A.B. asks: 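Quick one: the structure is below, and I'll ask about it shortly.
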There are 2 protein chains.
Amino acid sequence: MAVSGQPAGSWSEVRDELRSRGLRWTPQRRMILDVLAATQGHVTSSEIVERCRERDPETTPSTVYRTLDLLEELGYLKHSHGADGREEFHVLPETEHGHLTCERCGRSWEMEPQEASDLVRALERSRGFSVDVSHLTIAGQCTECSTRSSAPSRPRCRLSFRVKRT
Amino acid sequence: MAVSGQPAGSWSEVRDELRSRGLRWTPQRRMILDVLAATQGHVTSSEIVERCRERDPETTPSTVYRTLDLLEELGYLKHSHGADGREEFHVLPETEHGHLTCERCGRSWEMEPQEASDLVRALERSRGFSVDVSHLTIAGQCTECSTRSSAPSRPRCRLSFRVKRT
DNA sequence: GATGCTATTGCATCTTGATGCATTTGGCGA
DNA sequence: TCGCCAAATGCATCAAGATGCAATAGCATC
Ligand SMILES: [Mn+2]
Ligand SMILES: [Mn+2]
Ligand SMILES: [Zn+2]
Ligand SMILES: [Zn+2]
């Protein structure tokens with residue numbers, strides 16, 4: 001993975017990969033990669049659009065979405081889904097990991113692949129199904145929320161648009 | 001669960017539950033329940049909107065979405081997410097189950113809770129995290145797709161809008 | 001059966017994201 | 001360096017779904 005830890009400016013790996021496939025190295029793609037390099041943890045596409053806009057207000061959302069798709073196809077990114085179903089990109093997938101998210105407090109944690117290894121092996125054996133661990137998001141309740149009583153047993157983890165009031 | 005197998009017309013359980021909470025029994029809600037009763041397996045919200053429209057073209061989408069939210073809060077529905085992140089409702093949650101979905105062929109299967117029980121126990125023990133099995137969707141590759149070679153290692157499971165051309 | 005309170009509806013509008021298409025432009029070859 | 005052509009961008013438009021608000025209508029009470 002070249003995206004991580006590169007001094008913004010030496011995107012030669014990605015650039016060459018694109019060119020070698022007959023794809024193109026554009027200023028837009030360069031900027032998106034710069035933004036990704038400055039990002040840690042999980043980000044949604046729209047957060048990336050926002051960050052691009054901070055650098056260049058002219059940023060076109062669809063260009064960003066399409067570039068993210070491409071980078072994922074090329075293996076530079078992976079995504080999973082938050083409890084609300086929205087895609088979240090793993091910007092620095094040094095190590096493969098799954099995800100845990102608490103339906104009540106909304107916090108989330110990364111999960112070592114070995115934590116899911118029993119499940120992975122069981123499904124492999126019984127069904128020949130091979131789990132995509134990095135796409136995996138397991139929802140539930142964290143310790144703290146379970147201990148802290150008073151709870152709707154399964155509150156809906158819905159999308160929510162924070163309406164931007166001007 | 002009253003939703004399953006009821007002759008469309010005797011929604012007394014749901015109706016009484018609503019009334020007892022100071023909520024209301026409206027023709028819209030009645031129709032949505034009728035649609036749900038005629039549905040099996042998993043459905044997305046927009047599919048439910050379509051089915052409602054078949055019965056009453058005047059159906060307002062937001063009314064449907066809000067009713068589905070309500071029914072889930074009351075425990076009459078549950079949802080999980082397809083590989084693309086979209087919500088899919090379990091209309092007849094007689095038995096709790098998780099979900100498997102193949103990123104290549106798109107098919108999906110239900111998973112007995114016991115199949116995930118190792119995982120559930122492991123997370124409970126190591127983190128005190130209690131998994132919401134019915135929300136769980138595990139993506140990966142099914143046997144057939146794994147055997148059948150020639151594959152993009154991890155094709156993106158993206159949303160797709162089938163554009164309705166008139 | 002009429003009344004009043006408040007839950008719901010319907011509607012307009014917004015957000016995230018996908019997509020078709022015309023225009024622009026990266027980059028290779030001459 | 002110039003031109004060409006396919007790849008990308010920008011833009012308009014669409015889809016699914018969320019949300020605020022004013023008008024409507026359940027239903028409990030009288
Ligand atoms: Mn969810
Ligand atoms: Mn996905
Ligand atoms: Zn929590
Ligand atoms: Zn398959």
Side-chain angles (χ1 to χ4, degrees), chain A residues 11 14-33 43-50 52-53 56-74 79 81-82 84-89 156-166, chain B residues 11 14-33 43-50 52-53 56-74 79 81-82 84-89 156-166:
Chain A
W11 290 118
V14 183
R15 190 196 56 203
D16 294 349
E17 165 99 23
L18 289 174
R19 287 194 179 149
S20 73
R21 295 186 182 235
L23 305 180
R24 288 165 195 179
W25 181 241
T26 66
Q28 292 84 346
R29 287 179 177 173
R30 200 202 128 100
M31 188 189 57
I32 292 165
L33 282 164
V43 233
T44 63
S45 313
S46 73
E47 282 166 350
I48 295 176
V49 170
E50 281 172 37
C52 286
R53 287 223 149 118
D56 175 8
E58 304 293 277
T59 304
T60 301
S62 59
T63 298
V64 176
Y65 292 124
R66 282 186 289 223
T67 298
L68 294 173
D69 287 352
L70 175 65
L71 291 174
E72 183 164 16
E73 269 167 45
L74 297 182
H79 79 264
H81 298 262
D84 60 5
R86 269 219 265 271
E87 280 187 343
E88 295 183 345
F89 286 96
R156 181 104 174 299
C157 39
R158 13 190 357 245
L159 280 181
S160 67
F161 297 143
R162 351 66 200 212
V163 177
K164 289 165 189 161
R165 297 248 152 266
T166 46
Chain B
W11 290 117
V14 183
R15 189 195 57 202
D16 294 348
E17 166 97 25
L18 290 173
R19 287 191 179 152
S20 73
R21 295 185 182 236
L23 305 180
R24 288 167 194 176
W25 180 241
T26 67
Q28 292 85 344
R29 288 179 175 172
R30 200 202 129 99
M31 189 190 55
I32 292 165
L33 282 165
V43 233
T44 62
S45 313
S46 73
E47 283 167 348
I48 295 176
V49 170
E50 282 171 37
C52 286
R53 287 224 149 118
D56 176 7
E58 304 293 279
T59 303
T60 301
S62 60
T63 297
V64 176
Y65 293 124
R66 282 185 290 222
T67 299
L68 293 173
D69 286 353
L70 175 64
L71 291 174
E72 183 164 16
E73 268 167 47
L74 296 183
H79 80 265
H81 297 262
D84 60 6
R86 270 219 264 271
E87 280 186 342
E88 295 183 343
F89 286 96
R156 181 107 173 299
C157 40
R158 13 190 0 247
L159 281 180
S160 66
F161 296 143
R162 350 71 202 208
V163 176
K164 288 166 191 163
R165 298 249 149 265
T166 47

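Letters go in sequence order (proteins before strands), and every chain restarts at 1. Keep in mind that this is a model prediction, so the values were computed, not measured.
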A.B. asks: Just how far, in rounded Å, is P of C:dT19 from OH of A:Tyr65?
C.D. replies: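 Taking atom P of C:dT19 as the reference, OH of A:Tyr65 is at 13 Å.
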A.B. asks: For a quick test of reading the model: is some side-chain N or O of A:Arg86 closer than 4.0 Å to OP1 or OP2 of D:dA16?
C.D. replies: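 No, because none of the side-chain N or O atoms of A:Arg86 sits under 4.0 Å from OP1 or OP2 of D:dA16.
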A.B. asks: Is B:Arg15 near enough to D:dC27 that one of its side-chain N or O atoms lies under 4.0 angstrom from OP1 or OP2?
C.D. replies: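 False: B:Arg15 side-chain N/O out of range (4.0 Å or more) of D:dC27 OP1/OP2.
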A.B. asks: Hey, mind stepping through A:Arg29 and A:Leu70 against side chain to side chain contact (heavy atoms under 4.5 Å, CB included) and telling me if it holds?
C.D. replies: CA-CA 10 Å; A:Arg29 287 179 177 173; A:Leu70 175 65; 3.6 Å; yes
A.B. asks: Please determine if a side-chain N or O atom of B:Thr63 lies less than 4.0 Å away from the OP1 or OP2 oxygen of C:dG10.
C.D. replies: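 Answer is yes, contact under 4.0 Å.
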A.B. asks: For D:dG10, does either OP1 or OP2 sit under 4.0 Å from a side-chain N or O belonging to A:Gln28?
C.D. replies: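 True: A:Gln28 side-chain N/O within range (under 4.0 Å) of D:dG10 OP1/OP2.
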A.B. asks: Quick one: does B:Thr59's side chain get under 4.5 Å of B:Met31's, heavy atoms only?
C.D. replies: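 The answer is yes, as the side chains (C-beta and beyond) meet within the 4.5 Å cut-off.
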A.B. asks: Among C:dA18, D:dA18, D:dG10, which is the nearest nucleotide to the side chain of A:Thr60?
C.D. replies: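 Among the listed nucleotides, the one closest to the side chain of A:Thr60 is D:dG10.
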A.B. asks: Is there a donor and acceptor pair, one atom on the side chain of A:Arg29 and one on the base of C:dG26, closer than 3.5 Å?
C.D. replies: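 Looking at the base of C:dG26, it does not pair with any donor or acceptor on the side chain of A:Arg29 (distance under 3.5 Å).
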A.B. asks: So, under a plain 3.5 Å distance rule, would you say the side chain of B:Ser62 forms a donor-acceptor pair with the base of C:dC11?
C.D. replies: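 Counting by modelled atom types and ignoring angles, a donor-acceptor contact under 3.5 Å is found here.
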A.B. asks: Would you mind reporting whether A:Cys52 and A:Ile32 have side-chain heavy atoms less than 4.5 Å apart?
C.D. replies: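 Counting from C-beta outward, A:Ile32 and A:Cys52 do come under 4.5 Å.
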A.B. asks: Rounded to the nearest Å, what distance is computed from the CG atom of residue B:Asp84 to the P atom of nucleotide D:dG17?
C.D. replies: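 Those two atoms, CG and P, are 10 Å apart.
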A.B. asks: From the options D:dT19, D:dT9, C:dG10, select the nucleotide whose nearest atom is closest to the side chain of A:Thr67.
C.D. replies: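 So the nucleotide nearest the side chain must be D:dT9.
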A.B. asks: Please list residues of residues 18-26 of chain A whose heavy atoms come under 4.0 Å from any atom in DNA chain D, ordered by number; otherwise none.
C.D. replies: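 Hits under 4.0 Å, by residue number: A:Gly22, A:Leu23, A:Arg24, A:Thr26.
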A.B. asks: Let me know, please, whether A:Ser45 or B:Leu70 comes out on the 5' side of the other along DNA chain C by nearest nucleotide.
C.D. replies: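 Between the two, 5'-proximity favours B:Leu70.
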A.B. asks: To the nearest Å, give me how far apart CG (A:Asp69) and P (D:dT9) are.
C.D. replies: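 Roughly 12 Å, once rounded to whole Å.
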A.B. asks: Would you say B:Glu72 and B:His79 make side-chain contact, with heavy atoms under 4.5 Å?
C.D. replies: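 Of all side-chain heavy-atom pairs linking B:His79 with B:Glu72, at least one is under 4.5 Å.
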A.B. asks: Applying side chain to side chain contact (heavy atoms under 4.5 Å, CB included) to B:Leu74 and B:Arg21, what does each step give before you reach the verdict?
C.D. replies: CA-CA 10 Å; B:Leu74 296 183; B:Arg21 295 185 182 236; 3.6 Å; yes
A.B. asks: So does B:Arg66 reach the base of D:dG20 with its side chain, donor to acceptor, closer than 3.5 Å?
C.D. replies: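 Counting by modelled atom types and ignoring angles, a donor-acceptor contact under 3.5 Å is found here.
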A.B. asks: Are the side chains of B:Cys157 and A:Glu87 in contact, using a 4.5 Å heavy-atom criterion?
C.D. replies: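 No, every pair of side-chain atoms sits at 4.5 Å or beyond.
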